[in-house]
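In this text the structure is predicted, and so the values were computed from the model without any measurement. Counting begins at 1 with the first residue of the sequence. Worth knowing before you read on, the calculation uses all heavy atoms, side chains too, and leaves out hydrogens, waters and symmetry mates.
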Amino acid sequence: MRIILTMVIAVGMLGCATTRAPVGAGKVFSGPQGEEVAVIPLLPEQEQKALVYVQGTGGEFDGKALPHKHESYDDKEDYTTTLRGSDYRTFIVRPQGGSRSHQLSVPGRNNSIRVSYDEARTQALKAKDIYALYEKQKADGTLDKLAAFDRKGTMARHDQSLAETLNAMNKTCGTSVTATIVWDSISDDLLKDYSIASFCESPLTALEKLCDTNVSKRIIREKVREVRCQFGNEMKLSVDAGRVTWTTQQDAANQEDFAVQYFEKNL
């Protein structure tokens, strides 16, 4: 009997140890359209790590217990995770007057969501359950999949974004120009750190600006058939037999202005 009792006590103590999640007191913030974000510090706090759990945005972060770095400086706070190989700031806190502003950012939304501290949801939060979900999603590969760099998928998203800019230009100018990104000119590091589509759209937005008269529209229709975008050591533009070759550079300034001035002189 003594041996059995000892075993029961030992198993009970082990069970208690395994359910004691290394989390601090979390907080929940809610947005205007039912968005929610729970921010839960991981212990020990000096390691400056946290779990951020998002719900109600309709995006890929919903339902994920995402590990984040927590940085605090000058009365500001940043919570940063890894999304497809790059840093992604999901939650930021900024001073605003005599209070603080809380902003939630999620993939798929161009603008951040302003959220406010929610006392009732904070009281109902079960931080250890979020930690258990984190352990499960870490084990089954859900979190690794979201964090891993996906070159093919990232390229497709930039191609789609550029296509939207191209469609707007073609509609304004009455043209049927095509646009492509020369992906061989773009390294993984560039793709992780920069919005490639926003660099490549400069000649398209420049052409759209110039389509302000029937004469300019006719000139563009006659002289521009294709736009190719590549990255290089310096910013350059050329037009040859209907093909616009746009070489962009990540540190170059005023890229759209450069393109406007080039087209005004060379079309």
Side-chain angles (χ1 to χ4, degrees), residues 21-96 99-119 121-122 124-150 153-154 157-158 161 189 191-198:
V23 291
K27 295 181 180 180
V28 179
F29 302 81
S30 56
Q33 303 297 325
E35 305 93 346
E36 289 184 29
V37 55
V39 181
I40 302 165
L42 292 173
L43 302 178
E45 289 190 359
Q46 58 265 34
E47 292 187 1
Q48 297 183 302
K49 296 179 181 179
L51 297 179
V52 175
Y53 181 69
V54 175
Q55 298 181 87
T57 69
E60 61 187 319
F61 275 9
D62 281 10
K64 310 292 195 311
L66 296 169
H68 280 66
K69 294 181 295 184
H70 175 213
E71 297 176 287
S72 181
Y73 55 98
D74 299 332
D75 202 27
K76 302 175 183 178
E77 295 181 62
D78 289 347
Y79 290 82
T80 306
T81 191
T82 302
L83 174 64
R84 289 185 275 277
S86 300
D87 285 346
Y88 188 94
R89 285 193 307 175
T90 308
F91 189 69
I92 66 170
V93 183
R94 294 291 183 267
Q96 188 175 59
S99 61
R100 307 184 87 190
S101 168
H102 303 84
Q103 302 284 338
L104 170 66
S105 295
V106 294
R109 291 206 186 186
N110 292 328
N111 299 316
S112 61
I113 304 162
R114 182 159 187 173
V115 294
S116 302
Y117 176 68
D118 193 313
E119 176 68 26
R121 288 184 170 88
T122 295
L125 176 67
K126 296 182 179 179
K128 67 178 183 179
D129 289 349
I130 304 300
Y131 185 82
L133 179 63
Y134 159 70
E135 293 268 87
K136 177 182 178 299
Q137 292 178 339
K138 181 173 67 172
D140 67 21
T142 298
L143 300 181
D144 284 344
K145 183 177 179 181
L146 200 58
F149 176 57
D150 175 12
T154 305
R157 283 187 291 275
H158 286 295
S161 179
D189 288 341
L191 190 51
K192 289 177 184 178
D193 295 337
Y194 293 93
S195 175
I196 302 302
S198 65

Problem - Listed once per pair and sorted, the salt bridge (charged side-chain N to carboxylate O under 4.0 Å, His left out) pairs that draw on residues 41-53, sequence neighbours left out - result: none
Problem - Any residue meeting side chain to side chain contact (heavy atoms under 4.5 Å, CB included) with S116, in chain and number order, not counting sequence neighbours - result: none
Exercise for the section: Please identify each residue that fulfils salt bridge (charged side-chain N to carboxylate O under 4.0 Å, His left out) with E135, with sequence neighbours left out. Expected result: K138
Problem - Partner set under side chain to side chain contact (heavy atoms under 4.5 Å, CB included) for D62, not counting sequence neighbours - result: V54, T57
Problem - Pairwise side-chain contact, T90 with S105, heavy-atom cut-off 4.5 Å (strictly under) - result: no
Exercise for the section: Check for a donor-acceptor pair, side chain of S161 on one end and backbone N or O of R157 on the other, with a separation under 3.5 Å. Expected result: no
Completion exercise
Residues passing the salt bridge (charged side-chain N to carboxylate O under 4.0 Å, His left out) test with D140, sequence neighbours excluded, are K136
Handout entry: Expected output: side-chain Y53 to main-chain Y134 donor-acceptor under 3.5 Å
Key = no
Practice task
Mind checking the NZ-OG1 spacing from K64 to T142? Nearest 0.5 Å is all I need.
Solution key: 7.0 Å
Handout entry: Polar contact flag, side-chain donor to acceptor under 3.5 angstrom, Q103-S101
Key = yes
Completion exercise
Those residues at least two apart in sequence (or on a different chain) that pass side chain to side chain contact (heavy atoms under 4.5 Å, CB included) with N111 are none
Exercise for the section: Applying salt bridge (charged side-chain N to carboxylate O under 4.0 Å, His left out), name anything that partners D189, two or more places apart in sequence or on another chain. Expected result: none
Atom pairs and distances, donor-acceptor, side-chain atoms in residues 21-39, under 3.5 Å, two or more places apart:
from : atom 1 : to   : atom 2 : distance (Å)
S30  : OG     : D118 : OD2    : 3.0
E35  : OE1    : Q33  : N      : 2.8
E35  : OE2    : R109 : NH1    : 3.3
E36  : OE2    : R121 : NE     : 2.7

Exercise for the section: Any chance you could measure H68, atom NE2, to Y88, atom OH, to the nearest 0.5 Å? Expected result: 9.0 Å
Completion exercise
Contacts of Q46 meeting side chain to side chain contact (heavy atoms under 4.5 Å, CB included) (sequence neighbours excluded), chain-then-number -> P44
Fill in the blank from the handout: side-chain hydrogen bond (donor to acceptor under 3.5 Å, both in side chains) filter on S195, not counting sequence neighbours, yields S198
Handout entry: side chain to side chain contact (heavy atoms under 4.5 Å, CB included) assessment of F91 paired with H102
Key = CA-CA 7 Å; F91 189 69; H102 303 84; 3.8 Å; yes
Exercise for the section: List for me each residue that meets side-chain hydrogen bond (donor to acceptor under 3.5 Å, both in side chains) alongside Y117, sequence neighbours excluded, and say none if there are none. Expected result: E119
Problem - Minimum heavy-atom distance I40-A127, with the two atoms named - result: CG2-CB, 3.9 Å
Problem - Euclidean distance, L146 CG relative to L66 CG, rounded to 0.5 Å - result: 6.0 Å
Problem - Rounded distance (nearest 0.5 Å) linking atom CG of L191 with atom OG1 of T154 - result: 5.0 Å
Using distance only, find each side-chain donor-acceptor pair of residues 78-85 under 3.5 Å and give its atom names and separation, not counting sequence neighbours.
from : atom 1 : to  : atom 2 : distance (Å)
D78  : OD1    : R94 : NH1    : 3.0
D78  : OD1    : R94 : NH2    : 2.9
D78  : OD2    : Y73 : OH     : 2.8
D78  : OD2    : R89 : NH1    : 3.3
Y79  : OH     : H70 : NE2    : 3.3
Y79  : OH     : E77 : OE1    : 3.3
T81  : OG1    : P67 : O      : 2.9
R84  : NH1    : E60 : OE1    : 3.1
R84  : NH1    : E60 : OE2    : 3.4
R84  : NH2    : E60 : OE2    : 2.9

